[in-house]
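In listed order, ligands and their atoms are each counted from 1.
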Amino acid sequence: MGIVEDAISPSTCNRKARMTIDWQSLDFSYRDCKCHIRYIWKDGKWNDGALCEDPYLRIHIAATALHYGQSAFEGLKAFHCRDGRVRVFRADENAKRLETTATRIRMPVIPADMFTSAVHRVVRENLDYVPPYGTGGALYIRPLLFGSGPRIGVRPADEYTFLILVMPVGNYYKGGLTPVSAIVVDGFDRAAPQGVGNVKVAGNYAADLKPNEMARSQGYPINLYLDAREHRYIDEFGTSNFIAITRDNTYVTPSSPSVLPSITNKTLMTLAKDSGLKVEQRPIAFDELSSFAEIGACGTAVIITPVNRIVRNNDIVAVGPDTGCGPVLERLYNAVRGIQVGDVPDVHGWNRTVN
Ligand SMILES: *Cc1c(COP(=O)(O)O)cnc(C)c1O
């Protein structure tokens, strides 16, 4: 155990740190908080974890995460609710998904109760950094699990590090939901059908960096990937799931072996059903795009980004209103936000209070 024992001194300066954060101007940039939490897996078991103020860690030069990408992450949020309490949204789902990812790349599993207790410990210690109710912000929570033990032969490491960092993030939409244009980058695939696209491994984002930069340089903030086998079906955007509303009010989203199961998408599907929409998870051909009434990209960071134009070579598919968001996706967006900050009853029991 011994390596993560950095002492936490009861901090008086954090109140001040909090006072100096301009909650309205927060974006998604990294910033240090008071501390992160860090656990080590060695000799077949996890230690008890420790809170660490130093945002740097000492890591072996032969760590498998660095050489072979034996690394996985998660993303979730805590919110300051209307009643003054701080609540974490659906952490149990992140625990389950991390277990799937860890198993796929031969890392030790983190028991669900250890995962949620780690989340609550680190959030509790950083309460001063949770944006106040009404600012539209949240505390972004980033769990990370990776092989930290040395190994050059290609086999799983003997030692793993699990850490959770947090940072305050602002409301992505300052003046209502703003639609974006997306582009299909046919020269690249994000993930193979039986590869690792369905788990949250670090390398999947590296694969998207170049296509995403190419898309951005052409004026498209997000890029859409098609299925790697035929380029006929829609998979997902680089870091968010594809969702659409049909003209007869059905919520559709691709079923594909290479799509990452988004918790936001799962949440939206439940709320869509609650509100009487039909929900279909099925292969969606690229050719179907023009038949949709509304299209969105969904993920924890922004919940829903409306997409009103998708470009592929010389073809442009325009969907939904030119400005703003379509009515169904906007309603679903508001429903998720409402539950997260306690404005709407949490009938599914998705929130957990940080005590
Ligand atoms: C994390 C992620 C998403 C969004 O998942 P959420 O659980 O909704 O945040 C979508 N696509 C990819 C590729 C991802 O890595």
Ligand-side contact atoms (ligand 1) for residue partner Ser240, heavy atom cut-off under 4.0 Å
10 (C), 11 (N)
Could you check atom 14 (C) of ligand 1 against the protein and tell me its nearest heavy-atom contact, residue, atom and distance included?
Lys200 NZ, 3.0 Å
Indicate yes or no: does Asp54 engage Arg58 in a salt bridge with an N to O separation below 4.0 Å.
no
I want to check something: taking the side chain as every heavy atom from C-beta on, are Lys266 and Pro261 in contact at a cut-off of under 4.5 Å?
no
Given that the side chain starts at C-beta and the backbone is N, CA, C, O, which of these parts of Glu93 lies under 4.0 Å from ligand 1, counting heavy atoms, or is it both or neither?
neither
Which residue holds the protein heavy atom closest to atom 11 (N) of ligand 1, what is that atom called, and what is the gap in Å?
Glu236 OE1, 2.7 Å
heavy-atom search around atom 3 (C) of ligand 1 in the protein gives Thr239 O, 3.5 Å
Return the OG to CG distance between Ser181 and Asn223, rounded to the nearest 0.5 Å.
13.0 Å
Answer yes or no: does an N/O atom from Arg190 fall short of 3.5 Å to an N/O atom of ligand 1?
no
Min heavy-atom dist Ala301 to ligand 1 below 4.0 Å
no
The answer for which part of Ser262 has a heavy atom under 4.0 Å from ligand 1 is both
Under 4.0 Å from a heavy atom of Gly238: which atoms of ligand 1 are those, numbered in the order shown and with their elements?
13 (C)
Please determine if Tyr205 has a nitrogen or oxygen closer than 3.5 Å to a nitrogen or oxygen of ligand 1.
yes
Is the shortest side-chain N to carboxylate O distance from Asp208 to Arg190 below 4.0 Å?
no
Quick one: sort the Tyr160 and Trp41 rings into parallel, tilted or perpendicular, breaks at 30° and 60°.
perpendicular
Should Lys266 be listed as contacting ligand 1, given a heavy-atom distance under 4.0 Å as the test?
no
Would you kindly confirm whether Tyr129 and Leu26 end up in one hydrophobic cluster when ILVMFWY residues are joined by side chain heavy atoms under 4.5 Å apart?
yes
For ligand 1, which atoms have a heavy atom of Asn241 less than 4.0 angstrom away?
10 (C), 11 (N)
Determine, for Lys210 against Glu213, whether the closest basic-nitrogen to carboxylate-oxygen distance falls under 4.0 angstrom.
no
Could you label the plane-to-plane angle of the Trp350 and Phe89 rings as parallel, tilted or perpendicular, counting under 30° as parallel and over 60° as perpendicular?
perpendicular
Indicate yes or no: at least one non-hydrogen side-chain atom of Lys200 is less than 4.5 angstrom from one of Phe73.
yes
Hey, does Asn204 sit under 4.0 Å from ligand 1 if you only count heavy atoms?
no
Quick check on contacts: which atoms of ligand 1 are under 4.0 angstrom from a heavy atom of Arg97?
5 (O), 6 (P), 7 (O)
Would you say Glu294's side chain and Val328's backbone share a donor-acceptor pair under 3.5 angstrom?
yes
Backbone, side chain, both or neither: what part of Asn94 comes under 4.0 angstrom of ligand 1, heavy atoms only?
neither
Regarding ligand 1, does Ile263 bring an N or O atom to under 3.5 Å of one of the ligand's N or O atoms?
yes
Which residue owns the protein heavy atom closest to atom 9 (O) of ligand 1, what's the atom, and how far is it?
Thr300 OG1, 2.6 Å
Quick one, Asp274 with His348, criterion side-chain contact (heavy atoms from CB on, under 4.5 Å). Give me CA distance, side-chain angles, the key distance, then yes/no.
CA-CA 11 Å; Asp274 286 355; His348 295 283; 2.7 Å; yes
Can you tell me if Gly75 has a non-hydrogen atom under 4.0 Å from ligand 1?
no
